[in-house]
Protein chains: 2
Amino acid sequence: MRTLKYAILGMIHQKPMTGYDLMQEFESTLNEFWSANHSQIYPELKKLTKEGSITYILQQSDKGPDSKLYSLTEAGEKDFLEWLNDDEDIIKTPKDPFRLRVFFSKSMNEEDRLDLFMDHRLKHRKRLKHLQKQLKKFTHVPIKEEEVFGDYLVLMSAIMREESTIAWIEKCIELLKE
Amino acid sequence: MRTLKYAILGMIHQKPMTGYDLMQEFESTLNEFWSANHSQIYPELKKLTKEGSITYILQQSDKGPDSKLYSLTEAGEKDFLEWLNDDEDIIKTPKDPFRLRVFFSKSMNEEDRLDLFMDHRLKHRKRLKHLQKQLKKFTHVPIKEEEVFGDYLVLMSAIMREESTIAWIEKCIELLKE
DNA sequence: TTTGACATGTAAAGCGTTACATGATTGT
DNA sequence: ACAATCATGTAACGCTTTACATGTCAAA
């Protein structure tokens, strides 16, 4: 499916970027639903250049070594815009070792079993708090014409997923305490 | 992390199984949160045998070729029970091409953008219906002492996640229609 | 002087999917 | 005869993570 390719094309479509810029975007903004290390980004940029989707100009940096500023070619932009409209299937349920443990948890003693859920709830509450902090950066709910509308929607998705996960864990705890 | 290893040990811990049995379990019961093809299962069984976690006896089948019935060794059981109590971090948010598209969706025209969400909602509604059908197989909410308690909890998790996803998509559609 | 941010790359190992490969038995 | 189910295996490819590797510049 080469989704990393489109993640990169999409980012560069917003504005020209270096590999390092992409790395930082993957760490911050996109992190909740896509990520990649620099060891994956640089080879992919090389490949996309060879395939003619992107080109770069060398930049002398005042601080640090030279960098390559990438932008989309016409072919690259066309490819990206077509991908946006592709009719793709929804993803398979992602693999989750925690749910696997829950599935097998009848082999644990009662106390450990309850702790498993309590620990897990704490971790998800922390992640939720972190996401809610990011939400506060929005002074208002963006309207669909704004640049940050997409950012808002995916942040909402991450928050709602965490809330739902916590609700599930609490249901489990309730059933365990009966 | 070798989670496949523990998925297999956990299944065999419930009762001795062949590779083919495991394959079927992965396709049915566990499918909502773990899966593996036979091409991954058979080599892993070989590896686990070599490592001393499992052993097998040959079975002549009345129908079809011979099969290997695997069971846990003492070391394998110990390993599995320890894994159950491991303090593991929650998984990173799984990668999701749909959310990536949503993030970039300001580059789409309004109609296509709305269609993207409507199509996606339909697909998730279908999956939810399928899960709810599985829920109907439970005549009652199992208590924590029952064998199927774990099955019930992970099914609930899948259902609640689908409901939350659909709720998010509906929020998106609302904001797009404003 | 040493830590951290900037900046880019390669290599190796692990995990997962798709495809290749074989062969028996049962039901239509 | 043909398809489906049972039953096991290997090979090739692709994606991701972790580790290896190098080098500059600014600030503490």
Side-chain angles (χ1 to χ4, degrees), chain A residues 1-8 11-12 16-28 30-31 33-51 54 56-70 88-89 91-97 100, chain B residues 1-8 11-12 16-28 30-31 33-51 54 56-70 88-89 91-97 100:
Chain A
M1 278 192 316
R2 300 201 54 191
T3 313
L4 176 61
K5 168 184 168 178
Y6 294 104
I8 290 175
M11 294 307 295
I12 296 178
M17 282 189 188
T18 67
Y20 194 79
D21 293 336
L22 282 165
M23 201 188 75
Q24 283 180 100
E25 286 297 322
F26 278 123
E27 265 169 26
S28 55
L30 275 84
N31 199 47
F33 49 98
W34 204 268
S35 71
N37 300 322
H38 77 277
S39 59
Q40 218 187 338
I41 293 168
Y42 290 117
E44 187 66 29
L45 286 170
K46 213 175 191 178
K47 196 177 175 187
L48 291 172
T49 307
K50 212 171 139 193
E51 288 172 352
I54 56 177
Y56 65 87
I57 47 165
L58 276 168
Q59 278 191 140
Q60 293 141 276
S61 174
D62 41 327
K63 47 179 78 175
D66 290 359
S67 62
K68 294 172 180 172
L69 188 71
Y70 289 92
E88 237 184 317
D89 273 347
I91 50 167
K92 287 184 42 167
T93 311
K95 293 183 177 180
D96 184 348
L100 193 63
Chain B
M1 276 192 318
R2 300 202 53 193
T3 313
L4 176 62
K5 167 184 167 177
Y6 293 103
I8 290 175
M11 293 308 295
I12 297 178
M17 281 188 188
T18 68
Y20 194 79
D21 293 336
L22 282 164
M23 201 188 76
Q24 284 181 100
E25 286 297 321
F26 278 124
E27 264 168 28
S28 55
L30 275 83
N31 199 47
F33 49 97
W34 205 269
S35 70
N37 299 323
H38 77 278
S39 58
Q40 217 186 339
I41 293 168
Y42 290 116
E44 187 66 29
L45 285 170
K46 212 175 191 178
K47 196 177 176 188
L48 291 172
T49 307
K50 210 172 139 193
E51 289 172 351
I54 55 177
Y56 65 87
I57 46 164
L58 277 168
Q59 278 190 139
Q60 294 142 274
S61 173
D62 41 327
K63 46 180 79 177
D66 290 359
S67 62
K68 294 172 180 172
L69 188 71
Y70 288 92
E88 237 184 316
D89 273 347
I91 50 167
K92 287 184 43 167
T93 311
K95 294 182 177 180
D96 185 348
L100 193 62

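None of these values were measured; they are calculated from a predicted model.
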Inset, instruction - Report the C-alpha distance between B/Thr3 and B/Trp34 in whole Å, list the side-chain angles of each, state the deciding distance to 0.1 Å, and finish with yes or no for side-chain contact (heavy atoms from CB on, under 4.5 Å). - result: CA-CA 9 Å; B/Thr3 313; B/Trp34 205 269; 3.3 Å; yes

Inset, instruction - Please evaluate the base of C/dT8 for a donor-acceptor partner in the side chain of A/Thr18 within a cut-off of under 3.5 Å? - result: no

Legend entry - Salt-bridge criterion met for A/Glu51 and A/Lys46 (N-O under 4.0 Å): no

Legend entry - Length of the CG-P vector between A/Leu4 and C/dG16, whole Å: 19 Å

Inset, instruction - Please round to the nearest 0.5 Å and tell me the distance separating atom CG of B/Leu45 and atom NZ of B/Lys68. - result: 9.0 Å

Legend entry - For atom CD of B/Glu27 and atom C1' of D/dT5, their distance in whole Å: 12 Å

Inset, instruction - Establish, with yes or no, whether the OP1 or OP2 oxygen of D/dC15 is under 4.0 angstrom from a side-chain nitrogen or oxygen of A/Lys5. - result: no

Legend entry - First encountered from the 5' end of DNA chain C, between A/Gln40 and A/Asp66: A/Asp66

Inset, instruction - When you get a sec, tell me which of D/dT16, C/dT8, C/dT17 is the closest nucleotide to the side chain of A/Lys92? - result: C/dT17

Legend entry - A/Tyr70 side chain, from C-beta outward: closest of C/dT18, D/dT16, C/dG9: C/dG9

Legend entry - Short side-chain N/O contact from B/Lys68 to OP1 or OP2 of D/dG9, under 4.0 Å: yes

Inset, instruction - Could you tell me whether the phosphate oxygens of D/dT8, OP1 or OP2, come under 4.0 Å of any side-chain nitrogen or oxygen in B/Lys46? - result: no

Legend entry - N/O donor-acceptor pair, side chain A/Ser39 with base D/dT18, under 3.5 angstrom: yes

Inset, instruction - Would you tell me whether B/Ser35 and A/Lys92 have side-chain atoms, one donor and one acceptor, within less than 3.5 Å of each other? - result: yes

Inset, instruction - For C/dA7, take OP1 and OP2 only and decide whether either is under 4.0 Å from a side-chain N or O of A/Gln24. - result: no

Legend entry - Of A/Glu44 and B/His38, the one whose closest DNA chain D nucleotide lies more 5': B/His38

Inset, instruction - Could you tell me the separation between the CE atom of B/Met17 and the P atom of D/dA7, rounded to a whole number of Å? - result: 13 Å

Inset, instruction - Starting at atom CG of B/Asn31, determine the distance to atom P of C/dG16, rounded to an integer number of angstrom. - result: 14 Å

Legend entry - Which nucleotide in D/dG9, D/dA7, C/dA7 has an atom nearest any side-chain atom of B/Ser67: D/dA7

Inset, instruction - Could you work out which one of C/dA7, D/dA7, D/dC15 sits closest to the side chain of A/Pro65? - result: C/dA7

Legend entry - Residue met sooner reading DNA chain D from 5', once A/Asn37 and A/Thr3 are mapped to nucleotides: A/Thr3

Inset, instruction - Indicate yes or no: at least one non-hydrogen side-chain atom of A/Met11 is less than 4.5 angstrom from one of A/Met17. - result: yes

Inset, instruction - Respond yes when some side-chain nitrogen or oxygen of A/Lys95 is under 4.0 Å from OP1 or OP2 of C/dC15, and no when none is. - result: no

